[in-house]
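Remarks on the structure that follows.
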Amino acid sequence: KAGVTQTPRYLIKTRGQQVTLSCSPISGHRSVSWYQQTPGQGLQFLFEYFSETQRNKGNFPGRFSGRQFSNSRSEMNVSTLELGDSALYLCASSLIGQSSYEQYFGPGTRLTVT
Amino acid sequence: AQTVTQSQPEMSVQEAETVTLSCTYDTSESDYYLFWYKQPPSRQMILVIRQEAYKQQNATENRFSVNFQKAAKSFSLKISDSQLGDAAMYFCALALTGANSKLTFGKGITLSVRP
């Protein structure tokens with residue numbers, strides 16, 4: 001079974017631009033979560049989508065948004081990029097109903113804002 | 001709110017030796033899961049071990065085992081017979097059960113393995 005895939009793997013953007021990152025979960029997984037990883041703040045939860053609905057949201061400004069499609073693929077969008085948005089963005093999928101609550105992570109998208 | 005604390009930013013272990021990584025957490029909930037995740041330099045985060053809070057027995061996975069002290073809210077990871085491939089960043093994480101199942105991570109600890 002294929003793992004979680006994220007595209008693109010690397011991205012360089014300029015301040016003020018917007019960016020869209022994509023995540024394809026493991027087949028059959030209906031929950032997709034997004035995390036931001038930075039050296040200073042560590043791993044922080046952005047949001048979770050389940051069955052095309054945002055179920056949980058972390059403490060990030062409204063510039064960060066996401067959506068999930070009917071095939072469970074998810075995208076996150078960051079508008080009006082700031083230098084501080086430079087980070088590794090990880091997505092994780094899980095099989096709801098599984099008692100372990102285990103999340104499977106993708107390789108991440110490295111976003112650099114200049 | 002849940003918090004996870006990993007107070008040791010770095011640790012080093014000799015190959016074939018045993019090392020213990022510390023983690024403490026705080027939650028007012030009684031039903032939750034605890035995890036240790038490994039993030040090698042390639043950046044793919046993988047699950048090392050999982051512990052259900054309602055289980056008193058400590059989880060083990062081959063060379064990896066945990067010491068779960070629920071009353072003390074402590075969840076340490078022991079790696080036995082350390083191997084060069086164990087070198088990575090290790091994150092302790094907590095997830096509540098139910099709909100609010102997001103992972104709350106600690107800051108992580110960088111483990112190096114000396115040959």
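First the proteins, then the strands, lettered A, B, ... as listed; each starts at 1.
Inspection of non-hydrogen atoms places no residue of residues 13-26 of chain B under 4.5 Å from chain A.
Follow the hydrophobic side-chain contacts under 4.5 Å out from B/I109 and you reach B/L34 in the same cluster.
Contact tally against chain B (heavy-atom pairs below 4.5 Å) for A/L90, A/V4, A/L88, A/L43: the top residue is A/L43. If you tally non-hydrogen atom pairs under 4.5 Å between each of A/A92, A/G58, A/P39, A/G106 and chain B, the highest count goes to A/G106.
You'll find the ring centres of A/F105 and B/Y37 inside the 6.0 Å limit.
Only the side chain of A/Q37 has a heavy atom closer than 4.5 Å to any heavy atom of chain B.
Checking A/Q54 against A/N56 by side-chain atom types alone, no donor-acceptor pair falls below 3.5 Å. In this model, a donor atom of one side chain and an acceptor atom of the other lie less than 3.5 Å apart for B/S12 and B/R114.
For residues 68-80 of chain A, the pairs satisfying side-chain hydrogen bond (donor to acceptor under 3.5 Å, both in side chains) are A/T20-A/N77, A/S22-A/R73, A/W34-A/S74, A/R67-A/E75, A/R73-A/E75, with sequence neighbours left out.
Applying the side-chain hydrogen bond (donor to acceptor under 3.5 Å, both in side chains) criterion to A/Y89, with sequence neighbours excluded, gives A/Q36. Partners of A/F69 by ring pair (Phe, Tyr, Trp, His ring centres under 6.0 Å), not counting sequence neighbours: none found.
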